[in-house]
Amino acid sequence: MKEHNLIASGFGGQGIMLIGQIIATAAMFENKHSTWLPSYGPEMRGGTANCTVVVSDEEIGSPVTSNPNELIIMNIPSLLKFEPQLKKSGLMIINTSIVDRKTKRDDIDVVYVNANDIAEQLGNLKVANMVILGTYMGKTNCISLESVEKAFKKKLTGRKAKLIDLNIEAVKTGIEYVK
């Protein structure tokens with residue numbers, strides 16, 4: 001049994017919470033146990049926001065994790081805060097469009113992704129978070145693309161429904177990035 005303990009962190013407005021919600025929702029579609037725990041800084045947009053996501057085949061004891069085995073890092077303050085907490089042999093995915101430095105650790109697996117540039121090539125900077133999600137999926141196989149598509153249909157409703165195809169394309173691009 002593999003348990004995924006992920007902290008995704010970045011500036012408010014980068015879609016960090018949506019990454020977590022999509023992972024947790026997709027996991028439920030796969031009959032896995034999942035939790036999503038958001039955490040916001042004092043200011044929403046522009047402040048640092050993070051969420052903890054736990055996905056497991058078995059019941060989850062706590063939605064809180066102080067030592068994640070996976071990190072998604074979308075800004076420098078997040079790197080500084082969470083890098084020391086990542087478990088040895090853990091996975092860190094870094095958006096190099098914003099984080100202009102390398103990790104100091106040599107005991108972890110790191111993927112550097114220029115997510116903003118990839119998102120711009122897809123035609124919308126706002127899907128950088130979904131490029132990162134795809135990269136995460138490609139590295140961990142935590143959830144399937146089919147389940148993510150279902151999660152988008154559940155989470156992106158109303159006016160946002162028209163963004164589903166672009167989000168799926170961004171996720172696929174992120175998956176391909178690490179293949």
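Keep in mind the model is a prediction, meaning the values are calculated, not measured.
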#### Entry: Reference residue Val171; test side chain to side chain contact (heavy atoms under 4.5 Å, CB included); the match among Thr173, Ile175, Asn167, Ile168
Ile175
### Message
With rounding to the nearest 0.5 angstrom, report the CD1 to CE distance, Ile22 to Met130.
### Response
6.0 Å
### Query
With distance as the sole test, does Asn95 use its side chain to make a donor-acceptor pair with the main-chain N or O of Met74 at under 3.5 Å?
no
### Query
Given Leu71 and Leu91, is the side chain to side chain contact (heavy atoms under 4.5 Å, CB included) satisfied, shown in steps?
CA-CA 6 Å; Leu71 285 176; Leu91 170 67; over 6 Å; no
### Query
Could you give the distance from CD1 (Ile164) to NZ (Lys155), rounded to the nearest 0.5 Å?
12.5 Å
### Minimum heavy-atom distance Tyr177-Tyr112, with the two atoms named
OH-O, 2.7 Å
### Task
State, without any angle test, whether Ser66 and Gln85 hold a side-chain donor-acceptor pair at a distance under 3.5 Å.
no
### Task
Take atom NZ of Lys172 as the centre, draw a 6.0 Å sphere, and report whether it contains more than 12 heavy atoms from other residues, nucleotides or ligands.
no
### Task
Taking all non-hydrogen atoms of both residues into account, name the closest pair between Pro77 and Thr48 and its distance.
CB-OG1, 3.9 Å
### Query
Got a donor-acceptor contact below 3.5 angstrom from the Thr135 side chain to the Val131 backbone?
yes
### Short side-chain donor-acceptor distance under 3.5 Å, His4 and Glu70
yes
### Message
If hydrophobic clusters are built by linking Ile, Leu, Val, Met, Phe, Trp and Tyr wherever their side-chain heavy atoms come under 4.5 Å apart, do Phe152 and Ile132 end up in the same one?
### Response
yes
### Task
Evaluate the criterion side chain to side chain contact (heavy atoms under 4.5 Å, CB included) for residue pair Phe29 and Glu146; output intermediate values, then yes/no.
CA-CA 9 Å; Phe29 282 122; Glu146 181 185 352; over 6 Å; no
### Query
Is the shortest distance from a Lys or Arg side-chain nitrogen in Lys2 or Asp57 to a carboxylate oxygen in the other one below 4.0 Å?
no
### Message
Quick one, Ile72 with Ser9, criterion side chain to side chain contact (heavy atoms under 4.5 Å, CB included). Give me CA distance, side-chain angles, the key distance, then yes/no.
### Response
CA-CA 6 Å; Ile72 289 174; Ser9 186; over 6 Å; no
### Task
Find out whether Tyr136 and Ile23 are in side-chain contact, i.e. whether some heavy atom of one side chain is under 4.5 Å from a heavy atom of the other.
yes
### Message
When you group the ILVMFWY residues by side-chain heavy-atom contacts below 4.5 Å and let the links chain together, are Val55 and Ile60 in the same group?
### Response
no
### Query
Looking at CG of Asn75 and CG of Asp100, how far apart are the two atoms once the value is rounded to the nearest 0.5 Å?
11.5 Å
### Query
Just checking, is any N or O donor in the side chain of Asn114 or Ser97 under 3.5 Å from an acceptor N or O on the other one?
yes
### Task
Enter the distance from Asn5:CG to Ser56:OG here, rounded to the nearest 0.5 Å.
8.5 Å
### Query
So, does Arg101 use its side chain to make a donor-acceptor pair with the main chain of Thr96 at under 3.5 Å?
no
#### Entry: Atom pair CG (Leu79) and CE (Met92), whose distance is rounded to the nearest 0.5 Å
6.0 Å
### Query
Does the side chain of Ile7 come within less than 4.5 Å of Pro68's, by heavy atoms?
yes
### Query
Are Ile73 and Ile98 in one and the same hydrophobic cluster, where Ile, Leu, Val, Met, Phe, Trp and Tyr link if side-chain heavy atoms are under 4.5 Å apart?
no
### Query
Does any N or O in the side chain of Glu83 come within less than 3.5 Å of the main-chain N or O of Lys104, such that one atom is a donor and the other an acceptor?
yes
### Task
Please check if the side chain of Asn69 supplies one atom and the backbone of Lys87 the other of a donor-acceptor pair under 3.5 Å.
no
### Query
Looking at CG of Asn50 and OG of Ser78, how far apart are the two atoms once the value is rounded to the nearest 0.5 Å?
7.0 Å
### Message
For a quick test of reading the model, state the closest non-hydrogen atom pair linking Leu156 to Lys160 and the distance between them.
### Response
CB-O, 3.8 Å
### Query
Would a distance-only check, ignoring hydrogens and angles, find a side-chain to backbone donor-acceptor pair under 3.5 Å from Ser34 to Ala24?
yes
### Query
If Ile, Leu, Val, Met, Phe, Trp and Tyr residues are connected whenever their side-chain heavy atoms lie under 4.5 Å apart, and connections chain through other members, are Ile93 and Ile118 in the same group?
yes
### Task
For atom NZ of Lys126, decide whether the heavy atoms of other residues, nucleotides or ligands shown that lie under 6.0 angstrom number more than 12.
no
### Polar side-chain atom of Lys32 near backbone of Cys142 as donor-acceptor pair, under 3.5 Å
yes
### Query
Would Ile108 and Lys88 count as a side chain to side chain contact (heavy atoms under 4.5 Å, CB included) if you check the C-alpha gap in whole Å, the side-chain angles of each, and the deciding distance to 0.1 Å?
CA-CA 6 Å; Ile108 58 173; Lys88 188 176 178 178; 5.9 Å; no
### Message
Can you give me the closest heavy-atom contact between Trp36 and Met17, atom names plus distance?
### Response
NE1-O, 3.5 Å
### Query
Between Leu125 and Ala119, what is the shortest heavy-atom contact and its length?
O-CB, 3.8 Å
### Task
Taking Glu30 for its side chain and Ser147 for its backbone only, find out whether a donor-acceptor pair lies under 3.5 Å.
no
### Task
Would you kindly confirm whether Ile16 and Val111 end up in one hydrophobic cluster when ILVMFWY residues are joined by side chain heavy atoms under 4.5 Å apart?
yes
